Amino acid sequence: MSQTILTGLRVNSEITLGNYLGALLPMVRLANEHSDEYEINIFVPDLHSVISEIDGKLSENLLQSIKFYLASGIKLNQHVHFYRQSRVPAHSELCWLLNCLATMGELNRMTQFKDKSAGKDSVGVGIFDYPVLMAADILLYNAKYIPVGEDQFQHLELTRKLAERFNRRFGEIFVLPATPLEQVKFMHQSEGIRIRDLQNPEKKMSKSTVAENSKIMLFDTPEQASKKIMSATTDSLGKIQFDMFNQPGISNLLQIESLISGVPLQDVISTWAGETHYGDLKQKVAESVRVLLSDFQEKVNTISDQQVLELLEQGEAYANKVANHKLYQVQQLMGLR
Ligand code: TYM
């Protein structure tokens, strides 16, 4: 089996500019660069969606999310596959088998689990077990590179651990995903991507943040979105430089500009070095975001549900074949077949 680049995007509600720049756009760029050497798997983790509340209709949201990749310019060929996780039952089956290797301690240490369960009396088992299903999503397909934002790196580390443990105990069957450092290099980044909350840039931009000005949603009107950039929190140092620790607001704007334009971060930083007017930088980024959203929204609306359903049908036939084969090998090694 050839190696794979794979990613998934949960669609419980609309997605943010953080999701877009952290995972979706990097995936499209990697797919266009590498689909002659790697299989490109893009799936909708709909089983992950049901661990928490879903706004609107999941089945509509997930068709929409495939349109996002198409609208972002992904080039289709026989190596690019789209599928829904729940249509490939091997994901759930492998998740169970990996559950028997993972420990409570490991899952308890996951930052996302800690964040999502903090202060709650009762927490669903799905939230706790979520990273093991993610490991199954990855390991079924020999996925080496997984373009995700920095918040998912801990889950990638866990995936590597579970794969190693399985290989040691039962036989070499799983390809280990690249380390976070190798992932970052492959994505042509110097570090993991974490787009910040516009009002409170110490935190990541998140769909669950209540304050509307803190986040840009992909279906904000382009004007609304550019106003949010103009009102982003910065600092009073009067220097445009990349320093996430002391100037997270300014650094976030530089990062957003680099990801949208496709210009390496170092080059964007050099362009602005020595400048002191934050308003100029904000205006530039606000315009980039405005143009991005208006092009993107226009393109999404031209793609039909039918086109997406056809892609999913082909992709799901491929995914079931690959995943069932891998699952069978795993079951054999464990003595179940
Ligand atoms: P999810 O749906 O929470 O987020 C989707 C992707 O968006 C990235 N992301 C960000 N990147 C940069 N800055 C931000 N502020 C930001 N917010 C979110 C996330 O890192 C992610 O890449 N567990 C995954 C879905 C999943 C998956 C997988 C991904 C399930 N199985 C297998 C890859 C491989 C999740 O919930 O991401």
Side-chain angles (χ1 to χ4, degrees), residues 4-28 30 40-52 54 58 61-62 65 68-69 83-86 88 91-92 94-95 98 110-113 115-116 126-127 129-160 162-163 177-178 180 183-184 187 189 191-209 214-218 244 248 251-252 255-256 258-260 319 323:
T4 302
I5 306 175
L6 173 149
T7 203
L9 188 74
R10 234 158 18 108
V11 288
N12 291 47
S13 60
E14 267 196 61
I15 69 166
T16 67
L17 187 70
N19 298 132
Y20 186 79
L21 297 179
L24 198 146
L25 197 56
M27 182 57 168
V28 169
L30 289 181
I40 306 295
N41 286 20
I42 297 177
F43 76 102
V44 192
D46 50 355
L47 295 174
H48 277 108
S49 288
V50 295
I51 61 163
S52 55
I54 298 161
L58 184 57
N61 287 356
L62 56 85
S65 77
F68 295 165
Y69 291 92
Y83 52 93
R84 290 161 281 196
Q85 186 187 37
S86 69
V88 188
H91 290 238
S92 315
L94 182 61
C95 174
L98 294 176
M110 294 293 117
T111 310
Q112 271 207 341
F113 171 67
D115 290 349
K116 285 193 198 300
I127 293 185
D129 200 29
Y130 170 111
V132 181
L133 179 57
M134 180 162 166
D137 299 336
I138 294 170
L139 297 177
L140 279 173
Y141 300 93
N142 285 353
K144 175 106 180 160
Y145 294 106
I146 298 106
V148 283
E150 189 251 8
D151 61 333
Q152 298 294 318
F153 283 0
Q154 202 185 16
H155 297 160
L156 293 186
E157 297 275 27
L158 178 73
T159 303
R160 285 172 53 82
L162 294 178
Q183 303 277 353
V184 162
M187 287 162 73
Q189 299 292 322
E191 54 189 71
I193 304 172
R194 171 178 284 248
I195 300 300
R196 307 300 176 117
D197 179 302
L198 295 174
Q199 294 302 314
N200 188 356
E202 280 79 29
K203 294 195 327 199
K204 76 164 185 178
M205 183 183 287
S206 161
K207 38 194 159 195
S208 52
T209 308
S214 287
K215 56 187 180 186
I216 291 181
M217 307 307 293
L218 286 190
M244 269 301 178
S251 306
N252 193 34
Q255 171 81 279
I256 293 174
S258 155
L259 290 164
I260 294 179

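Read the numbers this way: they start at 1 and go in the same order the structure lists the ligands and their atoms. Being a predicted model, the structure only gives us computed values, none of them experimental. Index from 1, following the sequence.
- A pairwise comparison of heavy atoms in K204 and D151 identifies NZ-OD2, 2.7 Å as the closest pair.
- Of all non-hydrogen atoms in I216 and M205, the two that sit nearest each other are N-SD, 3.7 Å.
- Taking the six-membered ring for Trp and the full ring otherwise, Y141 and H91 have centroids separated by under 6.0 Å.
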> Do S86 and D46 pass the side chain to side chain donor-acceptor pair (under 3.5 Å) test, and can you show the C-alpha distance, the side-chain angles, and the key distance before you say yes or no?
Replying inline: CA-CA 6 Å; S86 69; D46 50 355; 2.6 Å; yes
Check: every ligand 1 N/O to protein N/O pair under 3.5 Å:
residue	atom	partner	partner atom	Å
ligand 1	2 (O)	R10	N	2.9
ligand 1	4 (O)	N19	ND2	3.4
ligand 1	7 (O)	N19	ND2	3.1
ligand 1	11 (N)	G18	O	3.3
ligand 1	13 (N)	I195	N	2.8
ligand 1	15 (N)	I195	O	2.9
ligand 1	15 (N)	M205	O	3.0
ligand 1	20 (O)	G149	N	2.8
ligand 1	20 (O)	D151	OD1	2.4
ligand 1	22 (O)	G149	N	3.1
ligand 1	23 (N)	Y130	OH	2.8
ligand 1	23 (N)	Q152	OE1	3.1
ligand 1	31 (N)	D137	OD2	2.7
ligand 1	36 (O)	R10	NE	3.0
ligand 1	36 (O)	Y130	OH	2.1

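- Among residues two or more places apart in sequence or in another chain, the side-chain contact (heavy atoms from CB on, under 4.5 Å) test is passed with A163 by L139, F174, L176.
- At least one side-chain heavy atom of R10 sits under 4.5 Å from a side-chain heavy atom of Y130.
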